[in-house]
Participant: 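My questions will all concern the structure given below.
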Amino acid sequence: MTVRVRFSPAPTGYLHVGGARSALFNWLYARKTGGTFILRIEDTDADRSRPELIDNIRDSLRWLGLDWDEEYRQSDRFDQYLAAIDGFLDRGQAYYCDCSQTDVRARVGENAGYDGHCRDRNVAKPADGTGGVVVRFRTPDEGTTGWDDLIRGRVEFENSVIEDFVIVRSSGVPMFHLANACDDFDMGITHVIRGEDLINTVPRVLLLLDALGATEPPHYAHLPLIVNEQRKKLSKRRDDVSVGDYTNRGYLAEAMRNYLVTLGWGAKDDVEIRPISEIIERFDLADINKAPAFFDVKKLDHFNGEYIRMLDLDAFVEASRPFAGPVDDDLYRRLARSVHERIRHYDEIPALIDWVVGEPPEPDGKDWRKVMGRDDVANVLDLVAERLETVAWEPEALAEAVLGAGEVLGTKSQLPVRMAVTGRRSGLPLFEPMAELERSTVLERIRKARGRLD
RNA sequence: GCCCCCAUCGUUCAGCGGCCUAGGACGCCUGCCUUUCACGCAGGUAACACGGGUUCAAAUCCCGUUGGGGGUGCCA
């Protein structure tokens, strides 16, 4: 049996890290087994679907290196769904229902599902798009529906708790469960790997699949959810989790992908950061965890820093260049070596080099007081300025001039000078970048800082 | 309310009956390196939710409790 898996996002939002993780696990399984990875856009709900987001989803997947082998769009397949529904109707497996939601609510109360009121009322097929008539699927009243989840083990639901659910809206448009069952059947999906939030929909789809005549339903594997700090399912609104945001902030696709793998799965040998080929080799659905995992940006940052440091200087310069801002190519290259080893994502770069490229930032008040509050700072700045008037303008000499001034005065001179010239109390090693500036510029900054002391 | 799922350091993963006085990684702390900050290196901190079983032996199996989460739509 050749494995066929699918990632089935609804285009109702940007691809977020939870979706990306689902896509990734499907992809890993396909690549491991030599199977087929399918992208299926679930856009049956025209009101919520935003076609422009399909491109965002595709771009994010591509960025992560998750290439797909086939692509479908459910909105292209309504004919199939409608044909399936006609079959259900003919065979009495589904029926028309004209109950309004308030009717149902009035009959059964707040907490119960649909009561089967129209099961045998023979509600007539409505003229197209009129009259609030839906199609409901007739579910069994007794027995159980269950499956052996590859991650969770046996899961069973009493059929009595599964209401006769809607499969066609009153607008005539088929709904998610139906489209899902038809597609998984038609596309020969062998494994359904997705988030645990969908676990409750399985019995309905299983029932539908059976009604469709599927003798061998897919295997299901429900992934633990990725949660936020409050241990709640990630929300696109509340949580900052779109994949595109991480792209924009200078995270590497390889790092993101590698980090995502560690949420819910770990290699037996405890090695976390490793090439994707090794991950594919070791990955197995049976080893996936059941408990939800917190998306920890701090750890992602660590992974990303590691991946950045794995880059050789040329690759780093090229990849990080777009984040560096307006800086001369050769100058950036000269600065890159020390930038390379102290960032965790590329968008930290501007704050490291802005004072070399342009003006330093307005110093943070607290940092300023901490560094410039000492009594001897004025003397340091005066002596350094005096020395810099005549020193040879190259890093070694600058270091000697600045550090030597401190020695002469019996104090530390590097920090005040750094604060004066860069606007910050920490950053790149000082003297090489400082030598990139004009002598007059450096002197001006030092005198300006001197003037600001008390 | 009802249905379903889950439970090892703060976080994440390893552990699938004895190798566990529970291991790796992130974080945090300490030290070394050092022109600051980082990087790197060396240490340290810290967990089997609780209660019953089963067994010669349980973090590992079973039951219950508690605590979390998900679902409960003419969303997916």
Participant: Do A/Tyr307 and A/Tyr251 have ring centres separated by under 6.0 Å?
Facilitator: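 No, the ring centres sit 6.0 Å or more apart.
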Participant: State whether A/Gln101 places a side-chain N or O below 4.0 Å from either non-bridging phosphate oxygen (OP1 or OP2) of B/G73.
Facilitator: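 For B/G73, neither OP1 nor OP2 has a side-chain N or O of A/Gln101 closer than 4.0 Å.
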Participant: Can you tell me how far P of B/C39 sits from CG of A/Leu352, to the nearest Å?
Facilitator: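 Whole-Å distance recorded here is 13 Å.
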Participant: Rounding to a whole Å, what distance do you find between A/Phe157:CZ and B/C5:P?
Facilitator: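 Computing the A/Phe157:CZ to B/C5:P distance gives 7 Å.
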Participant: Quickly work out the A/Asp197 CG to B/G73 P distance and round it to whole Å.
Facilitator: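 After rounding, the gap between these two atoms is 16 Å.
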Participant: Tell me: CD of A/Glu158 to P of B/G71, nearest whole Å?
Facilitator: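 Nearest whole value for this atom pair: 22 Å.
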Participant: Distance check needed: B/G27 C1' versus A/Asp301 CG, whole Å only.
Facilitator: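 Atom CG in A/Asp301 sits about 12 Å away from atom C1' in B/G27.
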Participant: Let me confirm one number: the OG-CZ distance from A/Ser75 to A/Arg77, rounded to the nearest 0.5 Å.
Facilitator: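 Rounded to the nearest 0.5 Å, the OG-CZ separation comes to 10.5 Å.
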Participant: For A/Leu234 and B/U11, what is the distance between atoms CG and P respectively, to the nearest whole Å?
Facilitator: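 In whole Å, B/U11 P lies 16 Å from A/Leu234 CG.
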Participant: If you compare every side-chain N and O of A/Arg344 against the phosphate oxygens of B/C39 (OP1, OP2), does one of them come in below 4.0 Å?
Facilitator: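 For A/Arg344, the contact criterion (side-chain N or O under 4.0 Å from OP1 or OP2 of B/C39) is met.
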Participant: Choosing from B/A76, B/A38, B/A14, which nucleotide comes nearest the side chain of A/Arg169?
Facilitator: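 Among the listed nucleotides, the one closest to the side chain of A/Arg169 is B/A76.
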Participant: Please report, rounded to the nearest Å, how far the P atom of B/G73 is from the CD atom of A/Glu110.
Facilitator: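 These atoms are roughly 10 Å apart.
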Participant: Can you measure A/Arg204 atom CZ to B/C4 atom C1' for me and round it to whole angstrom units?
Facilitator: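 From A/Arg204 CZ to B/C4 C1': 13 Å.
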